K.L.:
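Handing you a structure now.
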Amino acid sequence: GQSSGEALWRTLIGDRDDATRPAPAHYKESYEASRRIETGARGLILGGEHSAQIYQEIYPGILLDHVPARIQADDLAARRFFGGMGQGLHRRKFAVSRKGYFMLVPELAQPGDRICIFWGAQTPFLVRNVGGDGMGGRTDYGRDLPSRCELVGECYVHGIMDGEAVSDKDSEIFFLV
């Protein structure tokens, strides 16, 4: 698989641009440029010797006189990533599942909501358990009756967007209310 750094930047933009999914690889450089801009901003805040030292760490081998041009280039690249991030995070928030998946979930998501992949759907959804079966508990066969869940909304879960997590053994029946 992918590194956690790649999984992170892909998640933050919902792994897409305006026209394609997965996002083109040039977003990796845009993400790295945004990280350099962020680190450089700390250098500006600290000022003086710290600033020069931080810029030498960010841009090794580049003379300090050439750093402003590199910052400008990074700024342009970072704007592409921030634009994608704005689209990916629109009405969503970043989260990490119990199994370690990076996710973009609806703003109303809460701990305990479950990732659900509906048969035939192209994206996972979050559902929230809102109670038992509403029919008295267990069947005569000792199995639990389906729970009742409400739909919280669609989500992006890096690593399961293309059916990687779908299997019959994990299927569950529940009532969507």
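Computed from a prediction, not measured in an experiment: that's the story for all the values here. Position 1 is the first residue of the sequence, and the numbers go up from there.
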K.L.:
Quick one: ring pair (Phe, Tyr, Trp, His ring centres under 6.0 Å) partners of Tyr59, sequence neighbours excluded?
P.N.:
none
K.L.:
Under the ring pair (Phe, Tyr, Trp, His ring centres under 6.0 Å) rule, collect the residues that match up with Tyr27, sequence neighbours excluded.
P.N.:
none
K.L.:
Please identify each residue that fulfils side chain to side chain contact (heavy atoms under 4.5 Å, CB included) with Ser4, with sequence neighbours left out.
P.N.:
none
K.L.:
Please list, chain by chain and in numerical order, all residues satisfying ring pair (Phe, Tyr, Trp, His ring centres under 6.0 Å) with Phe82, sequence neighbours excluded.
P.N.:
none
K.L.:
What residue pairs, at least two apart or across chains, pass salt bridge (charged side-chain N to carboxylate O under 4.0 Å, His left out) with a residue in residues 1-16?
P.N.:
Glu6-Arg10, Arg10-Asp15
K.L.:
With sequence neighbours excluded, what pairs up with Glu150 under the salt bridge (charged side-chain N to carboxylate O under 4.0 Å, His left out) test?
P.N.:
Arg128
K.L.:
Tell me every residue that passes side chain to side chain contact (heavy atoms under 4.5 Å, CB included) with Ile54, counting only those two or more places apart in sequence or in another chain.
P.N.:
Thr39, Leu46, Ile58
K.L.:
Apply salt bridge (charged side-chain N to carboxylate O under 4.0 Å, His left out) to Glu29 and list each qualifying residue two or more places apart in sequence or on a separate chain.
P.N.:
Arg36
K.L.:
Not counting sequence neighbours, which residues clear side chain to side chain contact (heavy atoms under 4.5 Å, CB included) with Ala25? List them please.
P.N.:
none
K.L.:
Can you sort out the partners of Gln72 under side chain to side chain contact (heavy atoms under 4.5 Å, CB included), two or more places apart, ordered by chain and number?
P.N.:
none
K.L.:
If a pair satisfies salt bridge (charged side-chain N to carboxylate O under 4.0 Å, His left out) and one of its residues is in residues 89-103, list it, with sequence neighbours excluded.
P.N.:
none
K.L.:
Once ring pair (Phe, Tyr, Trp, His ring centres under 6.0 Å) is applied, do any residues pair with Phe125, and if so which ones, sequence neighbours excluded?
P.N.:
Phe118
